[in-house]
Amino acid sequence: MPQVDFYVLPREELSARLEFVCRLAEKLFKMGKPTQIALPDQDSVKQLDQMLWAYPAEAFIPHSCDTPSNSTPNAMELIHLSVGSTPRSDAGQGVLINLCPSTVEAPAAFERLVEVVVKAPEVLTATRQHFKTYRELGYSIQSHDIAH
């Protein structure tokens with residue numbers, strides 16, 4: 001049964017979610033944790049892709065992306081960006097960071113689920129529903145208030 005973590009940011013801007021995900025992806029990469037980042041659309045994949053290539057400033061986070069011409073992840077990359085919250089077939093027991101408005105399909109495919117919350121009304125509505133769904137499934141849920 002996966003652990004579920006909600007990281008609650010004090011900001012409203014959607015860009016704050018992507019900035020936080022970069023920090024989290026760097027940490028998970030250093031820990032050697034296979035991570036899928038589920039994004040709502042191809043534009044979000046492109047935006048996060050660009051951010052990860054420049055983060056941190058003195059390096060970058062190696063990753064692969066679903067693109068219209070390639071939805072096959074690079075097995076050498078621990079971090080993979082995808083459109084939608086359906087687990088990849090090679091997801092194993094890694095981490096899924098869900099930035100989609102829908103809940104994760106087949107959440108048991110992961111050892112850990114992460115939801116990043118900002119104070120934008122559409123994000124609050126979606127993540128409240130996600131919280132309710134995970135609680136009804138009996139998952140262990142932790143909430144973390146992030147100051148910055």
Side-chain angles (χ1 to χ4, degrees), residues 1-57 60-68 71 73 77-148:
M1 186 174 295
Q3 172 187 328
V4 181
D5 291 289
F6 282 79
Y7 291 92
V8 182
L9 308 178
R11 296 171 49 195
E12 186 172 324
E13 305 84 21
L14 295 177
S15 61
R17 293 175 96 193
L18 297 181
E19 292 166 12
F20 182 79
V21 166
C22 286
R23 291 181 16 211
L24 189 55
E26 178 185 29
K27 184 175 183 176
L28 292 166
F29 174 75
K30 288 179 178 178
M31 293 171 60
K33 291 283 188 187
T35 302
Q36 179 178 341
I37 303 172
L39 296 145
D41 53 48
Q42 195 61 47
D43 288 339
S44 299
V45 169
K46 287 179 186 177
Q47 185 178 3
L48 186 57
D49 176 40
Q50 291 173 351
M51 291 173 75
L52 289 172
W53 281 116
Y55 188 92
F60 66 93
I61 301 170
H63 60 280
S64 59
C65 302
D66 283 353
T67 61
S71 62
E77 307 297 351
L78 288 173
I79 308 293
H80 181 74
L81 313 183
S82 65
V83 175
S85 56
T86 302
R88 296 184 349 230
S89 59
D90 65 340
Q93 286 295 310
V95 178
L96 176 77
I97 301 172
N98 184 27
L99 299 181
C100 292
S102 59
T103 54
V104 176
E105 295 179 33
F110 298 92
E111 67 182 39
R112 184 174 174 209
L113 302 174
V114 174
E115 299 272 352
V116 181
V117 183
V118 293
K119 300 198 183 300
E122 66 275 14
V123 173
L124 287 172
T125 299
T127 53
R128 283 181 180 133
Q129 183 59 47
H130 298 182
F131 187 96
K132 181 180 175 186
T133 299
Y134 299 138
R135 186 179 59 211
E136 288 171 354
L137 291 170
Y139 294 158
S140 172
I141 301 172
Q142 294 184 2
S143 182
H144 312 275
D145 285 325
I146 306 299
H148 59 288

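Please read all numbers here as calculations on a predicted model, not as lab measurements. Just so you know, residue 1 is the first one in the sequence shown, and it goes up from there.
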Q. Phe110 and Val95: which non-hydrogen atoms are nearest, and at how many Å?
A. CD2-C, 3.8 Å
Q.
Could you check whether any side-chain heavy atom of Leu99 comes within less than 4.5 Å of a side-chain heavy atom of Leu18, counting everything from C-beta outward?
A. yes
Q: For residues Leu81 and Leu52, determine if any side-chain heavy atom of one lies less than 4.5 Å from a side-chain heavy atom of the other.
A: yes
Q | Interatomic spacing from CD1 in Ile61 to NZ in Lys30 - rounded to 0.5 Å | A | 8.5 Å
Q) How many angstroms lie between CG in Leu96 and CD in Glu115, if you round to the nearest 0.5 Å? A) 8.0 Å
Q: Would you please name every residue forming a salt bridge (Lys or Arg N to Asp or Glu O under 4.0 Å) with Arg11, sequence neighbours left out?
A: Glu13, Glu19
Q.
List the residues meeting side-chain hydrogen bond (donor to acceptor under 3.5 Å, both in side chains) with Glu12, not counting sequence neighbours, and say none if there are none.
A. none
**Q.** Partner of Val114 by side chain to side chain contact (heavy atoms under 4.5 Å, CB included), out of Tyr7, Phe20, Phe6
**A.** Tyr7
Q. Would you say the side chain of Leu14 lies within less than 4.5 Å of the side chain of Val123, judging by non-hydrogen atoms?
A. yes
(Q) Looking at every heavy atom in both Ala16 and Leu9, which two are closest together, and how far apart are they? (A) O-CD1, 3.5 Å
Q) Does any N or O in the side chain of His130 come within less than 3.5 Å of the main-chain N or O of Pro101, such that one atom is a donor and the other an acceptor? A) yes
**Q.** Interatomic spacing from NZ in Lys33 to CG in Leu78 - rounded to 0.5 Å
**A.** 11.0 Å
Q: Please tell me if the side chains of Phe29 and Thr35 come closer than 4.5 Å, counting only heavy atoms from C-beta onward.
A: no
Q.
If you compare all heavy atoms of Gly84 against all heavy atoms of Ser82, which two are closest, and at what distance to 0.1 Å?
A. O-OG, 3.5 Å
Q | Tyr134 OH to Asp5 CG distance, which is reported to the nearest 0.5 Å | A | 11.0 Å
Q: Would you name the heavy atoms of Ala147 and Pro10 that are closest together and state the gap between them?
A: O-CG, 3.5 Å
Q: Would you indicate whether the side-chain heavy atoms of Cys100 and Val83 approach each other to under 4.5 Å?
A: no
Q | Separation of Arg112 CZ from Ile97 CD1 (nearest 0.5 Å) | A | 8.0 Å
Q.
Restricting to non-hydrogen atoms, name the atom on Tyr139 and the atom on Ala108 that form the minimum distance, rounded to 0.1 Å.
A. OH-N, 3.9 Å
Q: Check the pair His80, Ser64 against side-chain hydrogen bond (donor to acceptor under 3.5 Å, both in side chains), reporting the backbone distance first and the verdict last.
A: CA-CA 5 Å; His80 181 74; Ser64 59; 2.7 Å; yes
Q | Gap separating the OG atom of Ser15 from the CE atom of Met51, nearest 0.5 angstrom | A | 7.0 Å
Q | Candidates Val45, Ile79, Leu28 - the one meeting side chain to side chain contact (heavy atoms under 4.5 Å, CB included) with Ile37 | A | Ile79
(Q) Could you report the tightest heavy-atom contact between Ser102 and Asn98, atom names first, then the distance? (A) O-ND2, 3.0 Å
